[in-house]
Amino acid sequence: MKMRNYIIRRVLLVIPVLFGVSIIVFVILSLFSPEQRAATFITDVKQLRDIQGVIKMHHLDAPLYVQYFSWIKEVLQGNLGWSRTASRPVLEAFFYFLSNTVELGLFSAPFIILIGIYLGSTAAVHQDKSIDHITRAVAIIGWSLPTFWFGLVLLMIFYGYFKGLFPPESLGLSSNLYVNSENFMRFTRINTIDALLNREWWIFIDALRHLILPVITLTVVQCALVMRIMRSSMLEALGRGYVTTARAKGASEKTVIKKHVRRNAMIPVITVSGYLFAGLMNGVVITETIFNRKGLGWWWWRSAVQLDIPSILAAVLFNGVLFVLTNLIVDLLYAYIDPRIRLG
Amino acid sequence: MKKWCIIGMVGMIIMSMSLFASAQEVKNPDIFVEATIGTIDSLDPAWAYDTASGEAIQTACETLIFWNGERTDSFVPMLSTEVPSVENGLISPDGLTYTFPIRKGVKFHNGEPLTPKDVEYSIERAMVQDRDGGPVWMFYEPLLGVDGSRDAEGNIVVKFEDIDKAVEVKGDSVVFHLKNPYPPFLSILANTWGSVVSKKFVAENGGWPGTEETWKEFNNPAPGKETLHKIACGTAPFKLERWDPGVEIVFLRNDDYWREPAKLKRVIIKMVDEWTTRKLMFLAGDADTVYVPRQYIKELEGVEGVKVYKNLPSLTQGSAFFNFKINPEGNPYIGSGNLDGKGIPPDFFSDKDVRLAFAYSFDFKTYIKDAWMGEAVQPSGPIIEGLPYFEMRYFLEKKFYHYDPKKAEEHFRKAWDGEIWKKGFKLTILYNSGNVQRETAASIFRDNIEALNPKFKIEVRPVEWANYIRDIVTGRLTLFIIGWLADYPDPHNFVYPYMHSRGTYSQWQHYRNPIVDGLIKRGIEAVDPTIRRRYYEQLQMIYYIDVPGIGLHQPLARHYERDWVKGWYYNPILPNAGLGGYFYSLSKG
């Protein structure tokens with residue numbers, strides 16, 4: 001009961017958070033003149049001929065509070081507006097781009113977290129030995145690599161040198177035409193999952209081929225953070241009294257590490273992993289751009305650059321929900337990992 | 001770290017150049033893939049006013065007449081069986097009536113036959129819709145003699161009756177009644193806004209049913225609410241299969257086409273933002289043509305399996321426009337706002353000697369070499385190469401401004417009764433950040449003018465595009481550098497925005513010349529080409545003498561394709577002409 005109330009209270013927290021951030025965005029927008037905002041609608045300089053028309057069409061000269069309340073009214077009716085950068089309604093664009101982002105996140109996050117945890121605990125267990133140095137060096141190099149550069153190098157090698165072994169985009173030409181035909185049922189718009197549900201193994205394999213390079217890119221670049229947190233957290237746990245006690249009681253080193261050290265070291269890793277996963281769900285602009293997998297990151301980057309206000313507001317709302325829920329899940333996981341932590 | 005990055009970069013370039021050098025087999029022989037960066041705004045011909053949308057619309061829809069191959073001054077019949085002319089009697093001698101006999105046996109993609117009613121409906125629908133900032137002014141100007149359907153306040157000011165009467169069905173033909181003679185009218189109809197769509201299809205999808213009672217409801221729709229935003233039903237050799245905005249658009253061959261079906265089965269236009277990814281796709285054969293930003297053209301030089309067409313004249317011009325009446329309100333770009341050596345007065349450029357001094361200070365050769373890698377020509381005025389009446393007297397006499405510091409100094413000394421030379425000035429020239437060409441042009445002005453007199457100070461500053469546009473339209477810029485792309489290949493489409501008191505650019509410059517306005521009016525209303533030529537010669541000469549702006553460049557385009565592509569040709573007026581061009585003519589193998 002206590003737990004249920006806690007969850008309900010945390011979920012309801014989303015409402016004031018969203019309200020607050022949407023007001024902040026509108027206040028920031030008030031810093032732009034109608035002409036500046038109209039300029040973002042100009043796709044061709046020929047439209048300068050009628051810039052006042054553009055201002056009128058989009059009500060850019062209306063007072064800010066009028067614009068805000070008309071937006072709120074539309075949102076409450078389930079209409080998030082029109083995304084100019086995606087040329088479709090915001091909600092439709094959101095679900096369209098979400099599928100690519102979720103697919104990349106679902107495949108990357110386990111690798112990033114598990115490899116990070118494994119490398120971190122290995123390094124901690126072998127502190128100051130060569131394996132620790134190598135692991136840390138590799139992780140730091142990975143962390144330092146510019147995503148942009150690393151992704152392009154991978155693409156040149158595995159798409160260029162190995163003649164299309166791991167290509168960019170989400171699917172190959174034939175698969176793409178097939179999944180968009182009447183013969184293929186779209187359940188989730190996530191290619192791998194839909195391929196499995198349709199039992200189209202060749203589509204599944206093709207989708208995996210297209211995922212390999214972006215997943216490697218994200219894993220190499222991002223797992224260093226998890227690894228570093230895991231290592232320092234493990235080192236801290238290894239020095240605790242209960243570890244000494246466990247060893248004194250004759251527990252094997254494997255049991256000590258697995259049951260007493262790793263479990264206790266997981267708390268900070270869960271926090272980082274939660275935010276990391278939220279970040280992945282939010283889209284990864286550079287990876288999406290290099291591998292031409294249009295996801296939320298790509299869409300919101302374009303929206304920000306082109307001042308596509310309805311899309312920016314959608315991004316803000318989504319992030320608000322995402323981070324409130326991520327915090328909640330992280331808190332629940334704390335309680336699960338460490339029963340001493342009580343929520344409420 | 002830096003060293004490793006440089007080594008890595010060099011390695012990447014070498015690898016990408018060499019990896020694909022070996023001969024490849026044709027991938028997907030009946031599918032043509034174009035990898036580009038332009039975002040399609042809408043598939044509605046009456047809405048779209050950008051080249052990416054235009055290319056898509058042109059693939060799915062057809063017009064009454066179309067450009068004759070590479071020519072911009074000659075047409076071939078499409079949905080009309082003849083190209084109207086005075087000689088064949090389909091244009092009245094007074095130039096006010098155009099008759100198009102409509103082709104029989106043509107079917108829309110939904111299987112419905114094309115009728116003259118559909119043609120009438122398509123043009124009237126465009127005029128009914130007439131969105132703000134859209135292309136339909138091009139119909140209103142010749143047919144009704146007004147700019148559009150609404151006034152500055154947004155009130156509808158035209159009557160449906162006038163729209164209805166402007167386009168009429170007569171037997172098997174469609175007749176257009178013009179308010180005044182308008183020689184480029186055929187060019188307007190040949191472009192995508194003149195596309196013919198199925199009336200039944202539009203009405204079935206919630207569009208204007210063609211009735212007077214409802215027409216105002218369909219005027220100026222909100223973005224995305226235009227009926228044909230994401231659907232299409234034309235008569236073209238390809239039909240729309242799927243459009244994923246921002247990602248790709250796919251067209252399927254129309255096997256029921258009224259001419260021979262296209263050789264390609266599918267055409268796919270993909271949006272690939274990152275240049276290296278696009279290049280790799282092109283070299284791997286996954287794209288047949290690709291958009292190459294000018295700064296990367298050397299990366300595809302001499303690559304085996306790639307065909308490059310160079311020096312293709314585009315119907316685009318970039319110019320520097322002087323602001324005759326700068327808005328001084330809170331304007332940081334004019335310093336003190338006075339001629340005291342610390343700023344400029346708002347009417348600084350109203351003195352012709354200042355404008356001439358700026359013109360003679362600009363090193364065109366260096367600019368074209370540095371900013372355009374030599375692939376541009378210097379325009380001689382608003383009317384550029386590729387437009388009718390270009391080969392004129394002034395051109396033959398080489399009336400160009402050229403870099404001449406002595407003449408520049410001479411004019412600066414004369415300007416403002418010698419006050420400028422004595423006291424100096426300080427002003428700011430802006431460019432939109434990331435635009436290398438505009439930055440180079442502004443820097444050339446700065447370097448060459450500051451070299452003339454140490455009291456001359458010019459600051460060159462980048463701003464975001466939104467701020468750049470805001471400052472243009474609010475009249476705050478001292479001079480602005482911007483380009484113009486032809487809507488239709490006729491001098492009127494250039495002299496009006498450049499010189500008319502209500503022109504797109506001249507109005508922001510506050511350039512007013514009643515003689516010019518009169519000549520522009522007479523030029524567009526003259527039916528006789530000899531007389532038109534005379535007016536445009538005069539306008540071009542006035543631009544040269546009056547120097548309201550300086551033509552900086554007319555870019556020369558390039559086209560890249562894999563060597564298995566056949567049938568491509570260049571017509572500069574086609575949307576995205578340097579990419580796929582006209583897909584019907586293409587094949588692979």
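To find a chain, count down the sequence lines: A is the first, B the second, and so on, and within it residues start at 1.
Neither the backbone nor the side chain of B:K225 comes within contact range of chain A; no heavy atom of the residue lies under 4.5 Å from a heavy atom of that chain. Both the backbone and the side chain of B:V247 come within contact range of chain A, with heavy atoms under 4.5 Å apart. Only the side chain of B:R266 has a heavy atom closer than 4.5 Å to any heavy atom of chain A.
Residues meeting the side-chain contact (heavy atoms from CB on, under 4.5 Å) test with A:S99, sequence neighbours left out: A:R189, A:I190.
Ranking B:D244, B:D471, B:I31 against chain A, the residue ahead of the rest is B:D244, based on heavy-atom pairs under 4.5 Å. When the candidates A:N180, A:I290, A:L155, A:T85 are compared by the number of heavy-atom contacts under 4.5 Å with chain B, A:N180 comes out ahead. Highest contact tally toward chain B, considering only A:G164, A:A86, A:S83, is held by A:A86 [criterion: heavy-atom pairs under 4.5 Å]. The residue among B:G246, B:G503, B:P223 with the most heavy atom pairs within less than 4.5 Å of chain A is B:P223.
Under a cutoff of 6.0 Å and an axis angle of 45°, B:R278 and B:Y291 do not form a cation-pi pair.
Using a cutoff of 4.0 Å between basic side-chain nitrogens and carboxylate oxygens, B:K270 and B:E248 are scored as salt-bridged. Checked for salt-bridge contact, B:D273 and A:R302 meet the test: a charged N lies under 4.0 Å from a carboxylate O.
Screening residues 136-161 of chain A for salt bridge (charged side-chain N to carboxylate O under 4.0 Å, His left out), with sequence neighbours left out, gives A:D132-A:R136.
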